[in-house]
Asks: 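The structure follows.
Below, chain A is the first sequence line, B the second, and so on; all start at residue 1. Side chains are part of it too, since the values below use all heavy atoms of this structure and drop only hydrogens, waters and symmetry mates.
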Amino acid sequence: MNHDFYARDVRAVARELIGAVVRHGECAGMIVETEAYHESEPACHAFVGLTARTRTLFGPPGYAYVYRSYGIHALLNAVSEPAGVGAAVLIRALEPLDGIELMRSRRGVDQLGELCSGPGKLTQALGIELEHNGCDLLAGPVTIEPPSSWVPAPVVASERIGITRAVELKWRFTLAGSRYVSRPRPR
DNA sequence: GTATGGATCTTCT
DNA sequence: GAAGATCCATACA
């Protein structure tokens, strides 16, 4: 995996990140759900153009875009497409792999399926905060690694969740049959 | 099981 | 001053 992996169509990157592993410190999880966002559609923060907030989105690919959602949660994205194009992949859910006890204590719940089954949940479980905005996803401290054993993952495309604009685009990608996605069924 | 509302903060108007 | 790529507690069936 290198920065060129991210310098492509954000939808291809979102689909191919299913099965990759997000790691921060001793905690890690396999990506089972992503969504693609691109400056050409109004659900994307970069739709409004280059501002102080979106400068990471327009920056070079392979970096983390972390922002605060609803005043409470930090959401993790992987900046994609070449520099100058505002696009990113939202990491929406993980299957917990390493550091599960630490995740449990951070989240305050025991159930495996409740640790990382949502974009705000997984950042809390892994200890990812706003300070990681702009972090190099190949150098860390937050990293994304290729799958340890490559098995072709059956990926399902459906409509994105929790947005009010460009709802019709099927830019959400989930690992078929996973018990760890944020919602059991696409709507 | 579904439905509703509150928490809390960054950004932009 | 309002909106938002969310989560959780509570209420009710």
Asks: Taking 4.0 Å as the cut-off, does a side-chain nitrogen or oxygen of A:Arg92 come that near to OP1 or OP2 on C:dT6?
Replies: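 Affirmative; the distance criterion is met.
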Asks: Surrounding CD of A:Glu168 (heavy atoms of other residues, nucleotides or ligands, distance under 6.0 Å), is the total greater than 12?
Replies: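 Yes, the 6.0 Å shell around CD holds more than 12 heavy atoms from other groups.
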Asks: Considering non-hydrogen atoms only, spot the tightest contact between A:Ser182 and A:Ile161 and give its length.
Replies: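 What the structure gives for the nearest pair is OG-CD1, 4.1 Å.
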Asks: Is the shortest side-chain N/O distance from A:His45 to OP1 or OP2 of C:dA5 below 4.0 Å?
Replies: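 Yes, because at least one side-chain N or O of A:His45 sits under 4.0 Å from OP1 or OP2 of C:dA5.
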Asks: For A:Ser69 and A:Ala52, find the nucleotide of DNA chain B closest to each by heavy atoms; which residue's nucleotide sits nearer the 5' end?
Replies: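 Residue closer to the 5' terminus by nearest nucleotide: A:Ser69.
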Asks: C:dA5 P sits how many Å from A:Leu130 CG, rounded?
Replies: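 For the pair A:Leu130 CG and C:dA5 P, the rounded distance is 16 Å.
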Asks: Taking only Lys NZ, Arg NE, NH1 and NH2, and the carboxylate oxygens of Asp or Glu, determine whether A:Glu114 and A:Arg104 approach each other closer than 4.0 Å.
Replies: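 No.
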Asks: How many whole angstroms separate atom CG of A:Leu122 from atom C1' of C:dT6?
Replies: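 The distance from CG of A:Leu122 to C1' of C:dT6 comes to 12 Å, rounded to the nearest Å.
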Asks: Pick base, sugar-phosphate or nothing for A:Arg160, based on heavy-atom distances below 4.0 Å to the nucleic acid.
Replies: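 Nothing, no nucleic acid heavy atom in range.
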Asks: Counting only side-chain N and O atoms of A:Arg107, is one of them less than 4.0 Å from OP1 or OP2 of C:dC8?
Replies: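 True: A:Arg107 side-chain N/O within range (under 4.0 Å) of C:dC8 OP1/OP2.
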Asks: Can you figure out which of C:dT6, B:dT10, B:dC12 approaches the side chain of A:Pro119 most closely?
Replies: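 Shortest atom-to-atom distance from the side chain points to C:dT6.
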Asks: In whole Å, I'd like the distance from the CD atom of A:Glu129 to the C1' atom of B:dC9.
Replies: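 In whole Å, B:dC9 C1' and A:Glu129 CD are 11 Å from each other.
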Asks: To the nearest Å, how far apart are A:Gln124 CD and C:dC8 P?
Replies: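 Taking CD of A:Gln124 and P of C:dC8, I get 7 Å after rounding.
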Asks: Do A:Arg8 and A:Phe5 meet the cation-pi criteria used here (NZ or CZ under 6.0 Å from the six-membered ring centre, within 45° of the axis)?
Replies: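 Cation-pi check for A:Arg8 and A:Phe5: passes.
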Asks: Which nucleotide, B:dT8, C:dA5, B:dT11, lies nearest any side-chain atom of A:Ile72?
Replies: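 Nearest to the side chain of A:Ile72 among the choices is B:dT8.
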Asks: Distance check needed: B:dT10 C1' versus A:Leu57 CG, whole Å only.
Replies: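 Interatomic distance, CG of A:Leu57 to C1' of B:dT10: 14 Å.
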Asks: Is any side-chain nitrogen or oxygen of A:Thr51 closer than 4.0 Å to OP1 or OP2 of B:dC12?
Replies: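 For B:dC12, OP1/OP2 do have a side-chain N/O of A:Thr51 under 4.0 Å.
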Asks: Need one value for A:Gly71: base, sugar-phosphate or nothing, where a base atom within 4.0 Å counts as base even if backbone is also close, heavy atoms only.
Replies: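 Counting heavy atoms under 4.0 Å across all strands, the contact made by A:Gly71 includes a base.
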Asks: Give the minimum heavy-atom separation between A:Ala14 and A:Ala36, together with the two atoms involved.
Replies: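 Where A:Ala14 meets A:Ala36 most closely, the heavy atoms are CB-CB, 4.0 Å.
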Asks: Does the structure show a Watson-Crick or G-U wobble partner for B:dT8, both distances under 3.5 Å? Name it, or say none.
Replies: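 B:dT8 is paired with nothing.
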Asks: Would you mind reading off the distance between A:Leu50 atom CG and B:dT11 atom P, rounded to a whole angstrom?
Replies: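 Atom CG in A:Leu50 sits about 14 Å away from atom P in B:dT11.
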Asks: Measure the distance from CD1 on A:Ile91 to P on C:dA5 and round it to the nearest whole Å.
Replies: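 That distance rounds to 17 Å.
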Asks: Between B:dC9, C:dC7, C:dA5, which one does the side chain of A:His73 approach most closely?
Replies: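 Among the listed nucleotides, the one closest to the side chain of A:His73 is C:dC7.
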Asks: With a 3.5 Å cut-off and no angle check, do the side chains of A:Gln124 and A:Arg107 form a donor-acceptor pair?
Replies: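 The answer is yes; a qualifying pair exists.
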Asks: Nearest to the side chain of A:Cys44, which nucleotide is it out of B:dT10, C:dC7, C:dA5?
Replies: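 Of the candidates, C:dA5 comes closest.
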Asks: Looking at C:dA5 and A:Tyr37: do their rings stack (centroid distance under 5.5 Å, interplanar angle under 30°)?
Replies: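 Here the ring of A:Tyr37 and the base of C:dA5 are stacked, with centres under 5.5 Å and planes under 30°.
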Asks: Can you tell me which nucleotide in C:dT6, B:dT11, B:dT10 comes closest to the side chain of A:Arg53?
Replies: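 The nucleotide sitting nearest to the side chain is B:dT11.
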Asks: Hey, does the side chain of A:Thr164 come within less than 4.0 Å of C:dG4's phosphate (OP1/OP2), counting only N and O?
Replies: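 Answer is yes, contact under 4.0 Å.
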Asks: Could you give the CZ-to-P distance, from A:Arg165 to C:dA3, as a whole number of Å?
Replies: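 Computing the A:Arg165:CZ to C:dA3:P distance gives 12 Å.
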